[in-house]
Amino acid sequence: MGGTLLSLALTLLGLLLVTFIIGRVMPIDPVLKVVGDRATQAQYEAAWRAMGLDQPLYVQFWRYIGDVLTGDFGRSISTGQPVVNDIRRVFPATFELATLGTLIGVFIGVPLGVVAAARRGGIIDQIARVVALVGYSMPIFWLGLMGLLVFYGILGWVGGPGRQGIIYDGMVPHVTGLILVDSLIAGDWGAFRDAFSHIILPASLLGYYSLAYISRMTRSFMLEQLSSEYITTARVKGLSERAVIWRHAFRNISVPLITVIALSFGSLLEGSVLTEIIFSWPGLGQYITKALLSGDMNAVLGGTVVVGTCFVALNLFSDLLYRVLDPRSK
């Protein structure tokens, strides 16, 4: 466990070092973003010293680490608010979208991968391969636009861009920041149905990409297990095929499958930028993109650190589950 914590600390330190370097090499003058291009030389130099940019780089890096550990990412130039407050506001939207997408990917992708491996070469196996191939090769921005055109514009089955319609916007009391959960807490079923109609299409698109990855990896893990000697022994003993597949083979792939699901979830957290832009989803991806386009580096680096920390936390979580599910890993 000590080695895991040391690795975690070094990974976070590396993440902070990378973001610090990015903030220093970007061709954007942070002082000008604060004082404006009409400031005098004296005002510019005063701001330069106030921001600590006159200090050696190692001193700046040490201060940067201290600020991040206390949750201080600076103030956003775009919103005028502390970046940490902005992240608290936008991150629940991304978390909710990625979570629903991951659940779709798990509940469809895992059974699909298992059945495809159990019936290798059959019609379900062929379908699983096509699904994975299309999921990896189809641009998500094109699928998003086509989804909006067909399911929203033509059929009217889902809500449009945004998290809620105009009628319910701002009507649900903020408790967790997760609009589906908050509407249920408030007992507002109209708001829940409206929020669900808006999230189901972008979540399904992310879920499809998650499904493609999870089903392919599940199939690969299962094929390896089904070719093992212990599976042949179990069949010789007369166990049903269902018991062989789910009780023995699937149980042994559950440990590596946890890492696959955790990485998939992390990918959706940081990779939903295009989806959030297409669907006007007010999440972390859209926030970072807008900040980058406006040269708001405090917001960009703060969002990057949060996403990187989520990846590290997910890896730690999967490692802890390893130890629970497979005592041999201890």
Side-chain angles (χ1 to χ4, degrees), residues 5-37 39 42-98 174-178 266 269-273 276 281-317:
L5 293 178
L6 178 60
S7 176
L8 175 65
L10 291 177
T11 303
L12 289 175
L13 182 63
L15 173 65
L16 294 179
L17 178 60
V18 170
T19 54
F20 175 79
I21 293 174
I22 291 175
R24 296 303 183 273
V25 301
M26 286 290 290
I28 298 175
D29 192 333
V31 180
L32 284 181
K33 285 293 180 180
V34 174
V35 301
D37 54 3
Q43 291 173 328
Y44 180 91
E45 292 178 356
W48 178 272
R49 289 190 295 271
M51 295 172 67
L53 297 177
D54 59 326
Q55 300 292 324
L57 285 178
Y58 69 89
V59 175
Q60 296 182 40
F61 181 57
W62 182 253
R63 290 181 57 185
Y64 176 69
I65 293 177
D67 290 342
V68 170
L69 291 179
T70 57
D72 183 7
F73 297 109
R75 186 173 293 272
S76 170
I77 300 172
S78 304
T79 65
Q81 299 294 321
V83 171
V84 67
N85 291 348
D86 287 340
I87 292 176
R88 287 197 192 104
R89 173 175 52 84
V90 301
F91 183 75
T94 296
F95 180 82
E96 187 174 38
L97 184 62
H174 182 94
V175 179
T176 65
L178 310 177
L269 282 176
E270 60 88 19
S272 59
V273 174
E276 291 187 2
W281 196 261
L284 185 61
Q286 188 180 90
Y287 174 75
I288 294 176
T289 302
K290 289 182 177 180
L292 183 61
L293 293 176
S294 62
D296 189 354
M297 292 309 299
N298 285 340
V300 173
L301 297 180
T304 303
V305 169
V306 169
V307 172
T309 303
C310 287
F311 261 104
V312 173
L314 286 170
N315 282 327
L316 177 62
F317 178 70

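Small disclaimer: the values here were computed from a predicted structure and weren't measured.
- The heavy-atom pair separating T304 from T19 by the smallest distance is CG2-CG2, 3.9 Å.
- When all heavy atoms of P282 and A93 are compared, the pair lying nearest together is O-CB, 3.5 Å.
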Y287 and V83: CA distance, side-chain angles, deciding distance, side chain to side chain contact (heavy atoms under 4.5 Å, CB included) verdict: CA-CA 10 Å; Y287 174 75; V83 171; 4.0 Å; yes
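- Residues V306 and L284 come closest through the heavy atom pair CG1-CD2, 4.3 Å.
- P92 approaches I87 most closely through the heavy-atom pair CD-O, 4.2 Å.
- Taking CG of L178 as the start and CD of E96 as the end, the distance is 5.0 Å to the nearest 0.5 Å.
- The CG atom of L269 sits 7.5 Å away from atom CZ of F311, with the distance rounded to the nearest 0.5 Å.
- With sequence neighbours excluded, the residues forming a side-chain contact (heavy atoms from CB on, under 4.5 Å) with V68 are L16, Y64, F73, V305, listed by chain and number.
- How far CG of N85 is from OG1 of T79: 8.5 Å, rounded to the nearest 0.5 Å.
- Under the side-chain contact (heavy atoms from CB on, under 4.5 Å) criterion, V18 pairs with I22, sequence neighbours left out.
- Take D67 and apply the side-chain contact (heavy atoms from CB on, under 4.5 Å) test, not counting sequence neighbours, and it matches D72.
- For L17, the side-chain contact (heavy atoms from CB on, under 4.5 Å) partners are I21, F61, not counting sequence neighbours.
- The CZ atom of R89 sits 10.5 Å away from atom NE2 of H174, with the distance rounded to the nearest 0.5 Å.
- Between I65 and L13 there is a side-chain heavy-atom pair separated by less than 4.5 Å.
- Contacts of F91 classified as ring-ring contact (aromatic ring centres under 6.0 Å, His included), with partners at least two apart in sequence or in another chain: none.
- Under the rule for a salt bridge (Lys or Arg N to Asp or Glu O under 4.0 Å), E276 has no partner lying at least two apart in sequence or in another chain.
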